[in-house]
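Down below is the structure, laid out as structure tokens.
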Amino acid sequence: MDKRNFAFGRMNFILLAVGMLIVIVGFVLMGGDGSTYEAYNPDIFSVRRIKVAPIVCLIGFVSMIYAVVHKSTDAPVAANNPNAAGNTEDKQ
């Protein structure tokens, strides 16, 4: 099987996808009907929209940051890989 040199491993991409889904859920929780000039909607100040949804989004963004800095065991390390780009050491 052809191993390619990606910056992230499989687990990093999975964690990024999970984090993105959490952020999307947070934005969906923020959604809803708004107030108009004719009618005031007090639901725009509900606990779900003001407290829960931003916390869910924050958790999603923090999990995405963790996914980026997480050291994956299946991603090759350039220092240990003689075929990695940037390695100018000549073989004799």
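FYI, the numbering just counts along the sequence from 1.
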In Å and rounded to the nearest 0.5 Å, what is the [atom1] to [atom2] distance from [X] to [Y]?
X     : Y     : atom1 : atom2 : answer
Ile59 : Met64 : CD1   : CE    : 14.5 Å
Leu15 : Phe8  : CG    : CZ    : 10.5 Å
Ile55 : Ile50 : CD1   : CD1   : 11.5 Å
Ser35 : Ile44 : OG    : CD1   : 4.0 Å

For residues 24-33, dump all side-chain donor-acceptor pairs below 3.5 Å to protein atoms at least two apart in sequence or in another chain.
none

- If you group Ile, Leu, Val, Met, Phe, Trp and Tyr whenever their side-chain heavy atoms sit less than 4.5 Å apart, what else falls in with Val62?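 Hydrophobic cluster check, Val62: joined to Leu58.
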
- Partners meeting side chain to side chain contact (heavy atoms under 4.5 Å, CB included) with Tyr37 (sequence neighbours left out):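 Tyr37: no side chain to side chain contact (heavy atoms under 4.5 Å, CB included) contacts found.
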
- What pairs meet the ring pair (Phe, Tyr, Trp, His ring centres under 6.0 Å) rule with one or both residues in residues 39-70, with sequence neighbours excluded?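 Output for this query lists Tyr66-His70.
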
- Message: Do Asn12 and Val68 make a side-chain contact, defined as non-hydrogen atoms from C-beta onward lying under 4.5 Å apart?
- Response: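 Contact flag for Asn12/Val68 side chains = no.
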
- Minimum heavy-atom separation for Ser63 to Ile22, with atom names?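 Smallest heavy-atom distance, with atoms named: OG-CD1, 4.3 Å.
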
- Task: Would you list the pairs meeting side-chain hydrogen bond (donor to acceptor under 3.5 Å, both in side chains) in which at least one residue belongs to residues 44-61, sequence neighbours left out?
- Result: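 Checked against side-chain hydrogen bond (donor to acceptor under 3.5 Å, both in side chains) - neighbours excluded - no pair reaches residues 44-61.
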
